[in-house]
Q: 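Below: one structure in structure tokens.
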Amino acid sequence: MNKLFFLLIPFFSFAQQSSNVDFIQCDASVAPHFESKTINGTIIYKFQVLSEIDSIRIDAKNMYFTDVAINGKSVNYKNSKKELILFEGYKKGRNEVSFSYKAMPKQTLYFFGVGEGQQIWTQGQGKYTSNWLPSFDDVNEKVVFNLSVTYKNKFQVVSNGILESKKYNQQEETSLYQFKMKNPMSSYLVMLAIGNFNHQTQNSVSGIPLEMYYQPKDYAKFEFTYKDSKAIFDFLEKEIGVKYPWKIYRQIPVEDFLYAGMENTTSTIFAQDFVVDESGFNDRNYINVNAHELAHQWFGDLVTAKNGKHHWLQEGFATYYALLAERKIFGDDYFYYMMYKNSLLLRKEAKTDTIPILNEKASSYSFYQKGAWALFVISESIGEKKFKKAVKNYLKKYQFKNVETPDFLNEISAVSDFDIIKFQKEWLEDYHFNTEQANDLLKKNESIQTLVEIQKQKNNVFADKESFFTVVMKSNGFYALKREIIYQIKDVPFVEKEKLLKLAMQTNEIEVRQSVAETITIIPESFLSEYETLLKDKSYDTKEIAFSNLYKNFPDNRAKYLELAKNWEGKNDKALRILFLFYYLEFNIASANTSQYSQYYFELVDYTSPKYESSIRQNAFENVLYLEPKNIKVLKNLVNATTHPKWQLVKYARDTIRELLRKEGLRELFTTILTDISDAEKFQLQRLLEEK
């Protein structure tokens with residue numbers, strides 16, 4: 001999983017059950033209900049009792065059961081609200097349990113949007129699939145999951161495996177989708193995504209169908225959202241050396257997803273934020289997340305860590321192979337620069353983080369970035385050819401099984417004389433980052449060597465380094481070198497660095513020009529025309545920075561800048577649109593009674609409502625509350641945000657309400673809306689009102 005923050009993979013040991021009982025296959029028929037936010041279904045589990053056992057447990061959070069039968073006969077059972085517990089009716093050998101259930105999930109299965117924009121999707125890792133589907137929180141219990149899903153005709157349903165059939169029910173206006181898996185997987189990888197989707201299909205070199213989904217409104221963004229997607233698949237399949245282990249691969253973007261992406265078997269879900277056009281691609285593209293989640297289809301889905309202690313075998317591998325894919329696309333300089341940035345991060349973290357990789361409480365930086373660095377060290381030490389052979393042997397030997405770190409390291413030892421004991425102590429059991437070894441590997445790249453030389457100039461006066469910086473700026477060198485120069489001379493007087501800045505602007509490299517936009521906040525008249533060209537760059541981030549700086553620096557030009565920006569939308573968070581609305585409303589406050597002013601004001605207010613994604617709502621809240629903190633509709637929407645599943649928006653909403661409550665008249669306003677909001681909203685607001 002590629003996350004915006006880290007949530008430790010949960011692991012509960014059910015060693016006794018797993019050694020006595022083997023669940024083989026699940027045939028589930030489910031029907032989610034958007035209006036009630038519930039799901040119900042019927043389940044058939046095929047399992048084998050290997051030896052005598054008093055009770056058999058299926059994880060099921062807050063569910064209701066009926067018609068529980070084993071081998072066709074009704075049986076007594078216990079529902080602990082955490083587990084369905086079976087204690088009679090089964091025998092040694094093969095058995096079958098069937099039952100019906102209903103659940104009202106508080107997590108894992110999420111319902112978003114309104115009308116045709118409604119979406120339902122799951123996020124099983126860290127929150128357990130057992131909140132919506134009776135299954136197993138133990139990752140070591142691998143099962144073949146076959147899901148049949150019934151939902152409204154006009155929406156597309158996606159789950160794991162091959163879609164065997166789709167049947168319409170005209171009378172009920174529903175469709176029944178039947179998905180089949182051939183091989184087993186851990187329960188946390190079971191997924192469901194429902195929404196107004198279209199998709200396009202390409203085929204990999206090896207013949208795997210690659211289905212890429214999008215909302216109809218995002219058709220024009222398809223090209224840049226999925227740019228190089230097929231190339232990434234073909235590269236990873238060849239680089240890993242083991243054929244893609246499943247029959248199909250899908251990618252589905254959903255709104256307000258909790259993380260960047262999740263590697264559900266055959267069907268990755270990722271955040272709508274990565275659905276981009278050309279300018280958005282230059283700001284934040286899907287390439288890394290795309291490759292990371294795809295790599296998990298081997299490292300995590302095919303071969304799964306036995307517990308959290310060995311989680312790096314999933315995230316370290318996915319992070320490393322994603323970087324290798326980016327190396328293929330963006331080149332060696334990019335790869336080494338990202339490894340360099342990660343090394344700086346890890347050195348910094350090691351000053352306070354004393355938990356090593358081989359610990360279930362290790363940080364995301366350890367599991368992800370340090371895990372990737374550990375693999376890079378092995379590959380560089382034994383050579384790419386031997387590393388690939390060891391990885392291939394590892395995947396073949398443990399496919400559809402669970403592993404620990406020694407399982408992988410023994411495969412390294414089998415193809416080389418690499419000292420795995422020394423490696424494990426230095427990289428996996430020691431929280432320190434091996435800076436010396438990392439630097440030796442990084443210096444193999446000329447761009448990193450040049451970067452180090454640039455950094456050595458930090459304390460020199462500008463006159464002594466200008467000629468060197470000029471040579472670098474005129475070169476075809478990697479953009480990060482030129483950005484480093486711009487940041488280093490940030491505090492140098494403009495007249496001294498003007499020539500160098502103009503060279504930077506002439507590179508026409510988006511990243512370099514953006515560094516100029518960021519560092520020149522006070523814009524001299526002589527640089528105005530040059531700086532204004534930033535407003536035309538194919539980067540929404542650059543436009544946002546440049547517009548704000550120009551608007552503040554040149555009051556007489558504000559009307560011109562507003563006219564230029566009036567049709568901007570920006571990225572998924574509508575940052576540019578909201579920026580325009582805010583500045584327009586602030587600039588035209590004297591004309592607040594005009595129809596145009598009202599139209600723009602109501603548009604900004606509307607963006608705070610639940611029908612928009614959290615990133616849009618938060619942007620809108622920040623701006624409209626600055627203009628008018630006493631708008632009842634906005635305050636209601638802010639309270640509504642405290643009930644949102646995404647913790648970032650919840651935290652923002654709570655903190656903002658706390659701040660507003662300290663302002664004159666706002667406590668009274670919040671109190672008046674208590675009678676006009678839902679019970680869940682009322683509960684959250686009442687708690688905030690009662691805080692001292």
Side-chain angles (χ1 to χ4, degrees), residues 1-12 28 30-41 43 57-65 79-84 101-113 118-139 145 147 149 151 158-160 186-195 252 254-265 267-272 308 364 610 613-614 617 640-654 678-681 683-684 687:
M1 175 162 40
N2 193 311
K3 305 180 183 179
L4 302 181
F5 72 99
F6 178 71
L7 185 62
L8 185 66
I9 182 173
F11 173 74
F12 293 91
V30 300
H33 305 281
F34 191 90
E35 290 73 19
S36 60
K37 294 180 171 49
T38 61
I39 186 168
N40 62 272
I43 305 288
R57 299 164 185 268
I58 300 173
D59 293 302
K61 308 293 190 301
N62 299 311
M63 295 185 185
Y64 300 92
F65 298 98
N79 180 3
S80 72
K81 296 300 181 180
K82 292 183 179 179
E83 297 168 320
L84 170 62
Y101 80 98
K102 181 177 181 180
M104 298 182 65
K106 295 181 180 179
Q107 55 190 18
T108 312
L109 182 68
Y110 298 97
F111 301 80
F112 284 100
Q118 65 184 242
Q119 291 186 351
I120 303 173
W121 47 260
T122 59
Q123 169 49 14
Q125 182 153 350
K127 299 295 184 185
Y128 309 129
T129 296
S130 58
N131 280 277
W132 69 275
L133 182 74
S135 52
F136 306 95
D137 295 343
D138 180 9
V139 299
F145 285 95
L147 260 67
V149 186
Y151 201 67
V158 182
S159 189
N160 310 87
S186 302
S187 296
Y188 76 91
L189 297 166
V190 181
M191 63 80 66
L192 188 62
I194 301 174
I252 311 99
V254 300
E255 296 189 357
D256 266 319
F257 194 54
L258 304 182
Y259 309 108
M262 177 62 203
E263 68 278 7
N264 311 294
T265 308
S267 303
T268 284
I269 291 179
F270 67 98
Q272 176 75 16
S364 60
E613 280 201 84
S614 59
R617 296 179 70 186
N640 169 268
T642 65
T643 65
H644 198 277
K646 204 159 187 175
W647 71 267
Q648 295 96 326
L649 181 63
V650 171
K651 183 179 185 303
Y652 168 80
R654 288 175 178 170
S678 71
D679 289 342
E681 294 166 347
F683 175 77
Q684 295 295 334
R687 288 174 61 188

Q: Determine, step by step, whether Ile120 and Leu109 satisfy the side-chain contact (heavy atoms from CB on, under 4.5 Å) criterion, reporting the C-alpha distance in whole Å, the side-chain angles of both residues, the deciding distance to 0.1 Å, and the verdict.
A: CA-CA 7 Å; Ile120 303 173; Leu109 182 68; 3.6 Å; yes
Q: What's the spacing between Ile194 CD1 and Tyr151 OH if we round to 0.5 Å?
A: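 Spacing of CD1 (Ile194) from OH (Tyr151) equals 6.0 Å.
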Q: Calculate, to the nearest 0.5 Å, the distance between atoms CD and CG belonging to Glu681 and Asn640 respectively.
A: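 It comes to 4.5 Å.
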Q: Quick one: does Thr265's side chain get under 4.5 Å of Ser186's, heavy atoms only?
A: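 No. Closest side-chain heavy atoms not under 4.5 Å.
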Q: Roughly how far, to the nearest 0.5 Å, is CG of Asn264 from CH2 of Trp121?
A: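 Taking CH2 in Trp121 and CG in Asn264, the distance rounds to 11.0 Å.
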Q: Got a donor-acceptor contact below 3.5 angstrom from the Ser80 side chain to the Lys82 backbone?
A: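 Between the backbone of Lys82 and the side chain of Ser80 there is a qualifying donor-acceptor contact (under 3.5 Å).
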Q: Could you list the residues that satisfy ring pair (Phe, Tyr, Trp, His ring centres under 6.0 Å) with Tyr652, not counting sequence neighbours?
A: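 Ring pair (Phe, Tyr, Trp, His ring centres under 6.0 Å) list for Tyr652, sorted by chain: empty.
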Q: Which value, rounded to the nearest 0.5 Å, describes the distance between Ile252 atom CD1 and Met262 atom CE?
A: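 Interatomic distance, Ile252 CD1 to Met262 CE, rounded to 0.5 Å: 12.0 Å.
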Q: Spell out, as yes or no, whether a donor-acceptor pair under 3.5 Å connects the side chain of Lys61 to the backbone of Trp132.
A: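 Not confirmed, Lys61 side chain does not pair with Trp132 backbone.
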Q: Under the side-chain hydrogen bond (donor to acceptor under 3.5 Å, both in side chains) test against Ser130, which residue among Asp59, Asp137, Thr108 passes?
A: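 The residue from Asp59, Asp137, Thr108 that satisfies side-chain hydrogen bond (donor to acceptor under 3.5 Å, both in side chains) with Ser130 turns out to be Asp137.
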Q: Under 3.5 Å, is there a donor-acceptor pair between the side chain of Gln123 and the main chain of Leu258?
A: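 Looks like no, no N/O pair under 3.5 Å.
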Q: Does Lys81 count as lying over the ring of Tyr64, i.e. NZ or CZ under 6.0 Å from the six-ring centre, within 45 degrees of the axis?
A: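 The answer is yes, since Lys81 meets both limits relative to Tyr64.
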Q: May I ask you to check whether Tyr110 and His644 place their ring centres under 6.0 Å from each other?
A: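 Ring centroids of His644 and Tyr110 are no less than 6.0 Å from each other.
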Q: Using the side-chain contact (heavy atoms from CB on, under 4.5 Å) rule, take Phe145 and Leu133 through it: C-alpha gap first, then chi angles, then the decisive distance, then the call.
A: CA-CA 11 Å; Phe145 285 95; Leu133 182 74; 4.3 Å; yes
Q: If we ignore hydrogens and angles and just use 3.5 Å, is the side chain of Asn160 paired with the main-chain N or O of Leu189 as donor and acceptor?
A: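 Flag set: sc Asn160 to bb Leu189 pair under 3.5 Å.
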Q: Between Leu649 and Arg617, which heavy-atom pair has the shortest distance, and what is it?
A: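 Smallest interatomic distance, heavy atoms only, reads CD2-NH1, 4.1 Å.
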Q: Please list, chain by chain and in numerical order, all residues satisfying side chain to side chain contact (heavy atoms under 4.5 Å, CB included) with Lys106, sequence neighbours excluded.
A: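 Side chain to side chain contact (heavy atoms under 4.5 Å, CB included) check on Lys106 returns nothing, list empty.
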Q: Which value, rounded to the nearest 0.5 Å, describes the distance between Glu263 atom CD and Met1 atom CE?
A: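 Reported to 0.5 Å precision, the distance equals 6.0 Å.
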Q: At what distance, to the nearest 0.5 angstrom, does CZ of Phe257 lie from NZ of Lys646?
A: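 Rounded to the nearest 0.5 Å, the CZ-NZ separation comes out at 9.5 Å.
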Q: For Gln118 and Gly113, indicate whether the former's side chain and the latter's backbone hold a donor-acceptor pair under 3.5 Å.
A: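 Judged by distance alone, no pair lies under 3.5 Å.
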Q: Suppose we screen for side chain to side chain contact (heavy atoms under 4.5 Å, CB included). Which residues come up paired with Lys651, at least two apart in sequence or across chains?
A: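 Counting only residues at least two positions away or on another chain, Lys651 forms a side chain to side chain contact (heavy atoms under 4.5 Å, CB included) with Trp647, Asp655.
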Q: Test side-chain contact (heavy atoms from CB on, under 4.5 Å) on Gln119 and Asp256 and set out the steps.
A: CA-CA 10 Å; Gln119 291 186 351; Asp256 266 319; over 6 Å; no
Q: Can you name the residues that form a side chain to side chain contact (heavy atoms under 4.5 Å, CB included) with Ala653, not counting sequence neighbours?
A: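 Partners of Ala653 by the side chain to side chain contact (heavy atoms under 4.5 Å, CB included) criterion, ordered by chain and then number, come out as Leu638, Ala641, Thr642.
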Q: Looking only at atom types and distance, does a side-chain atom of Ser267 sit under 3.5 Å from a main-chain N or O of Ser159, one as donor and one as acceptor?
A: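 Checked: pair present.
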Q: In terms of relative ring orientation, are Phe111 and Phe34 parallel, tilted or perpendicular, with 30° and 60° separating the classes?
A: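 Plane angle over 60°, so perpendicular.
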Q: Test your reading of the model: is there a side-chain donor-acceptor pair from Thr129 to the backbone of Ser187, 3.5 Å cut-off?
A: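 Yes, Thr129 side chain to Ser187 backbone: donor-acceptor pair under 3.5 Å.
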Q: Please list, chain by chain and in numerical order, all residues satisfying side-chain hydrogen bond (donor to acceptor under 3.5 Å, both in side chains) with Thr643, sequence neighbours excluded.
A: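 Listed in chain order: nothing, the list is empty.
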Q: Going by the rule side chain to side chain contact (heavy atoms under 4.5 Å, CB included), which residues pair with Ala103 if we only count those two or more places apart in sequence or in a different chain?
A: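 Ala103: side chain to side chain contact (heavy atoms under 4.5 Å, CB included) contacts with Ile39, Met63, Tyr101, Pro105.
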Q: What are the two closest heavy atoms between Phe112 and Glu255, and how far apart are they?
A: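 Result for this residue pair: CD1-O, 4.1 Å.
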Q: Restricting to non-hydrogen atoms, name the atom on Ser36 and the atom on Thr38 that form the minimum distance, rounded to 0.1 Å.
A: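 Heavy-atom minimum between the residues: OG-OG1, 2.7 Å.
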